[in-house]
Amino acid sequence: MALAARKIDEKDCPKFELKGSRFNQETFRGRYRHFLDVTDPRTLFVSKKQLDDAVKLLDHFKNGTLPEGITNKQLWEAQKLKQAVFHPDTEKKIFMPLRMSGVVPFGTIAVVGMLLPNPTLASTLFWQWINQSHNACFNYANRNATKVSCNQ
């Protein structure tokens with residue numbers, strides 16, 4: 001957990017690449033740090049203004065109109081926020097409990113419910129239904145939306 005809580009230092013930030021990863025994906029440590037970045041629960045509490053500022057900053061980068069003094073660290077943080085909130089294919093905002101960073105906090109509710117002592121048949125069915133519903137909604141919200149499925 002020490003890596004997740006560690007402050008990002010400018011020296012830790014490579015040159016910014018839009019849609020790229022800040023961490024080397026060819027090493028275990030890089031993939032691990034990327035996973036911690038993607039599942040960071042702090043991204044659940046981002047304000048609308050912070051999110052709008054992050055999207056605007058990335059748009060400036062994409063258009064080549066980046067304001068003077070913007071650092072790689074700021075660009076990586078902006079990309080982290082955008083990737084945490086918006087679906088990469090549809091560009092639509094993902095409902096908070098269905099984001100990667102929301103799996104543990106929101107999924108814990110169902111797990112605790114399933115582990116309650118002395119379950120009845122009704123409580124077991126209810127908590128299993130809650131868990132499976134959350135899983136199905138999570139999978140739908142984070143689906144690959146680049147291809148239309150055969151059923152549509």
Side-chain angles (χ1 to χ4, degrees), residues 1-115 127 129-152:
M1 196 62 175
L3 286 176
R6 200 173 115 229
K7 291 259 188 212
I8 298 171
D9 193 8
E10 183 63 35
K11 67 180 168 47
D12 291 336
C13 294
K15 183 168 172 32
F16 180 74
E17 293 178 41
L18 198 61
K19 307 271 186 190
S21 178
R22 181 164 50 110
F23 306 107
N24 181 359
Q25 296 298 292
E26 294 186 15
T27 66
F28 174 79
R29 186 169 192 261
R31 290 188 301 273
Y32 178 69
R33 290 186 68 196
H34 177 75
F35 171 78
L36 291 176
D37 217 26
V38 169
T39 60
D40 185 354
R42 293 175 296 181
T43 61
L44 294 171
F45 305 105
V46 174
S47 70
K48 182 170 174 21
K49 183 185 179 332
Q50 288 173 304
L51 187 58
D52 290 343
D53 290 347
V55 170
K56 195 181 305 181
L57 185 61
L58 293 172
D59 286 342
H60 282 302
F61 179 84
K62 192 185 316 181
N63 298 330
T65 59
L66 205 55
E68 189 69 31
I70 299 296
T71 64
N72 286 320
K73 176 182 173 182
Q74 291 170 301
L75 290 167
W76 285 117
E77 281 297 314
Q79 182 161 286
K80 173 183 175 176
L81 292 180
K82 184 178 179 189
Q83 288 177 342
V85 175
F86 292 103
H87 190 281
D89 299 332
T90 65
E91 292 293 320
K92 291 182 182 175
K93 203 172 187 180
I94 300 173
F95 184 51
M96 190 185 303
L98 306 178
R99 297 177 191 160
M100 288 297 292
S101 54
V103 168
V104 172
F106 292 100
T108 300
I109 296 165
V111 170
V112 168
M114 290 187 292
L115 294 174
W127 287 112
W129 176 76
I130 291 290
N131 183 52
Q132 291 303 314
S133 297
H134 180 256
N135 291 341
C137 291
F138 173 83
N139 288 333
Y140 176 78
N142 294 284
R143 72 197 181 281
N144 179 349
T146 56
K147 290 186 177 184
V148 178
S149 71
C150 299
N151 298 333
Q152 293 180 350

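Here, residue 1 is the first one in the sequence, and each next residue gets the next number. Keep in mind that what you see is a predicted model, and the values were worked out from it rather than measured.
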So that I can tick it off, tell me whether R33 and D37 are bridged by a salt bridge, with the cut-off set at under 4.0 angstrom between side-chain N and carboxylate O. no
Atom of E26, atom of N24 and distance for their closest heavy-atom approach: N-OD1, 2.9 Å
Measuring only between side-chain heavy atoms, which start at C-beta, is R29 closer than 4.5 Å to F23? no
For the CG atom of D52 and the CG atom of L81, what is their distance to the nearest 0.5 Å? 11.5 Å
Show the nearest heavy-atom pair for residues K80 and R42, with the distance to one decimal. NZ-NH2, 4.0 Å
Using a 4.5 Å cut-off on heavy atoms from C-beta on, say whether the side chain of L44 contacts that of P105. yes
Please report the interatomic distance CD1(I109) to CD1(I130), rounded to the nearest 0.5 Å. 9.5 Å
Does R22 reach the main-chain N or O of W76 with its side chain, forming a donor-acceptor pair under 3.5 Å? no
Determine, stepwise, if the pair F86 / K92 fulfils side chain to side chain contact (heavy atoms under 4.5 Å, CB included). CA-CA 5 Å; F86 292 103; K92 291 182 182 175; 5.9 Å; no
For K49, is there an ion pair with D53 - N to carboxylate O distance below 4.0 angstrom? yes
Less than 6.0 angstrom from the centroid, inside 45 degrees of the normal: does R143 satisfy that with respect to the ring of Y140? yes
Hey, does the side chain of N142 reach the backbone of L98 with a donor-acceptor pair shorter than 3.5 angstrom? yes
Between A78 and L57, which heavy-atom pair has the shortest distance, and what is it? CB-CD2, 4.0 Å
Give a yes or no on whether the backbone of S21 and the side-chain of Q79 come within a donor-acceptor separation of less than 3.5 Å. no
From F16 atom CZ to T71 atom OG1, the distance as rounded to the nearest 0.5 Å: 11.0 Å
Could you walk me through whether N131 and M114 pass the side chain to side chain contact (heavy atoms under 4.5 Å, CB included) test, one step at a time? CA-CA 9 Å; N131 183 52; M114 290 187 292; 3.7 Å; yes
Shortest non-hydrogen contact from M100 toward F138: SD-CZ, 3.4 Å
Can you list the steps and then say if N144 with T146 is a side chain to side chain donor-acceptor pair (under 3.5 Å)? CA-CA 6 Å; N144 179 349; T146 56; 2.6 Å; yes
Does a salt bridge link E77 with K82, judged by any charged N lying under 4.0 Å from a carboxylate O? no
In Å, rounded to the nearest 0.5 Å, how long is the span from CD of E91 to CG of D89? 8.5 Å
Closest heavy-atom contact between H87 and A145? CE1-CB, 3.9 Å
Does CD belonging to Q25 count more than 12 external heavy atoms closer than 6.0 Å? yes
Interatomic distance, H60 atom NE2 to L75 atom CG [nearest 0.5 angstrom]: 11.0 Å
N63 side chain to D59 backbone, donor-acceptor under 3.5 Å: yes
Quiz question: by atom type and distance under 3.5 Å, do the side chains of S101 and T39 form a donor-acceptor pair? no
Taking every heavy atom of V85 against every heavy atom of L51, the minimum-distance pair comes out as CG1-CD2, 3.6 Å
